[in-house]
Asker: 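Have a look at the structure that comes next, please.
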Amino acid sequence: VRPPILAAIASSTAIFTATPFLLRPIADEFGVSLGASGWVSTAQLAGFVLGSWTAGRHLRPVRKVFITLALLGFVANLCAAAAPNLAVLGVARFVGGISLGLAAWFAWQDAFGNADKTSDVAVVGPLVGIVLPPALTVIIDALGVRTMFVVLAFVAVSPLLFAQQVDVKDRLRPHRTRHAATRASKAMLVALGLVTMGGSSVFVYAAAIGTEYN
């Protein structure tokens, strides 16, 4: 897998991994309940859905899109760091979620159809999830949630280090006509949706639960 692809999926996974650790500090920073701060995660996920859904239908995996998604994440996280209230923070996380969706799409579109690439991309998420949490807790405890968003801004823009390795034009594959989903694929989507909804709250509130019973 090319470095730009790994960087895109690693940076987006890192920002998602940070989400549970931000909810309690966000609630404290803005003087809201933990449930209210959870809407920030919902806004981020909504942006992710919009970004990944739109990208697969209207965009091509070229350098211009790669640069755009990284800069979008950079600006969104800086805006989150400077947000005056929870509403503005939610909008910033929604925009950041679009960047995350574009990054995930950029990585997976390159991997699909190749078993080795797919396995390599798939393992990035768990690796980031294992390594990153200790660093997140140290940064948040020492410097605060706003500084954490600044750090995430630089995480979001880090894939630009490999931008020159992304093609200017999509020469690898021509545009292909989209076909209607099969019954099996529809059933898989429904199953994945149910599994995701069942586990999402546990993921989002895991750090808050741990803090509560620490």
Side-chain angles (χ1 to χ4, degrees), residues 8-54 68-104 125-126 128-159 193-214:
I9 194 67
S11 62
S12 63
T13 304
I15 295 173
F16 262 122
T17 302
T19 300
F21 298 93
L22 295 172
L23 295 187
R24 177 72 68 180
I26 287 174
D28 295 339
E29 178 72 21
F30 293 97
V32 298
S33 67
L34 186 60
S37 68
W39 283 104
V40 172
S41 173
T42 302
Q44 179 177 267
L45 188 57
F48 179 91
V49 172
L50 178 63
S52 56
W53 185 90
T54 302
T68 300
L69 71 89
L71 292 178
L72 189 64
F74 179 71
V75 172
N77 280 284
L78 288 183
C79 289
N85 53 56
L86 191 65
V88 174
L89 178 61
V91 173
R93 300 319 298 153
F94 175 79
V95 176
I98 294 176
S99 172
L100 298 178
L102 293 176
V128 171
I130 292 171
V131 174
L132 197 62
L136 292 174
T137 55
V138 170
I139 294 173
I140 294 173
D141 289 343
L143 302 175
V145 65
R146 294 187 183 273
T147 302
M148 186 70 239
F149 281 125
V150 175
V151 172
L152 294 180
F154 285 97
V155 170
V157 82
S158 62
L194 292 173
V195 170
T196 302
M197 286 189 290
S200 62
S201 293
V202 176
F203 169 77
V204 171
Y205 288 104
I209 293 171
T211 303
E212 189 72 23
Y213 290 96
N214 187 9

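Treat the numbers as computed from the prediction; the structure is a model and nothing was measured.
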Asker: So, do R93 and L89 sit near enough that their side-chain heavy atoms are less than 4.5 Å apart?
Answerer: yes

Asker: Find the distance between CG (D141) and OG1 (T137) and round it off to the nearest 0.5 Å.
Answerer: 6.0 Å

Asker: Looking at side-chain heavy atoms only, is the closest gap between Q44 and I15 below 4.5 Å?
Answerer: yes

Asker: Kindly give the heavy-atom pair with the smallest separation between A156 and N77, and that separation in Å.
Answerer: CB-ND2, 4.0 Å

Asker: Ignoring hydrogens, what is the shortest heavy-atom contact between L72 and S99? Give both atom names and the distance.
Answerer: CD2-N, 4.1 Å

Asker: Atom CG in L132, atom OG1 in T13: separation rounded to 0.5 Å?
Answerer: 10.0 Å

Asker: Quick one: CG on D28 to CG on L34, what's the gap to the nearest 0.5 Å?
Answerer: 9.0 Å

Asker: Say you draw a straight line from CG of L100 to OG of S52; how long is it, rounded to the nearest 0.5 Å?
Answerer: 10.0 Å

Asker: Quick one: CD1 on I26 to CD1 on I140, what's the gap to the nearest 0.5 Å?
Answerer: 8.5 Å

Asker: Determine the minimum heavy-atom distance between S37 and V32, stating which atoms define it.
Answerer: N-CG2, 4.2 Å

Asker: Can you name the closest pair of heavy atoms from A27 and S33 and give their distance?
Answerer: CB-O, 3.9 Å

Asker: Over all heavy atoms of both residues, which pair between A43 and G90 is shortest? Give the atoms and the distance, please.
Answerer: CB-O, 3.4 Å

Asker: Less than 4.5 Å apart, side chain to side chain, heavy atoms only: is that true for L86 and W39?
Answerer: no

Asker: Does a side-chain heavy-atom distance below 4.5 Å link F16 with V128?
Answerer: no

Asker: Measure the shortest side-chain to side-chain distance between L143 and V151 over non-hydrogen atoms and say whether it is less than 4.5 angstrom.
Answerer: no

Asker: Compare every heavy atom of A18 with every heavy atom of L136, then report the nearest pair and how far apart it is.
Answerer: CD1-CA, 3.5 Å

Asker: Using atom types as modelled and distance alone, determine if a side-chain donor or acceptor of T54 lies under 3.5 Å from a backbone N or O of G51.
Answerer: no

Asker: Mind checking the CG-OG1 spacing from L45 to T19? Nearest 0.5 Å is all I need.
Answerer: 9.0 Å

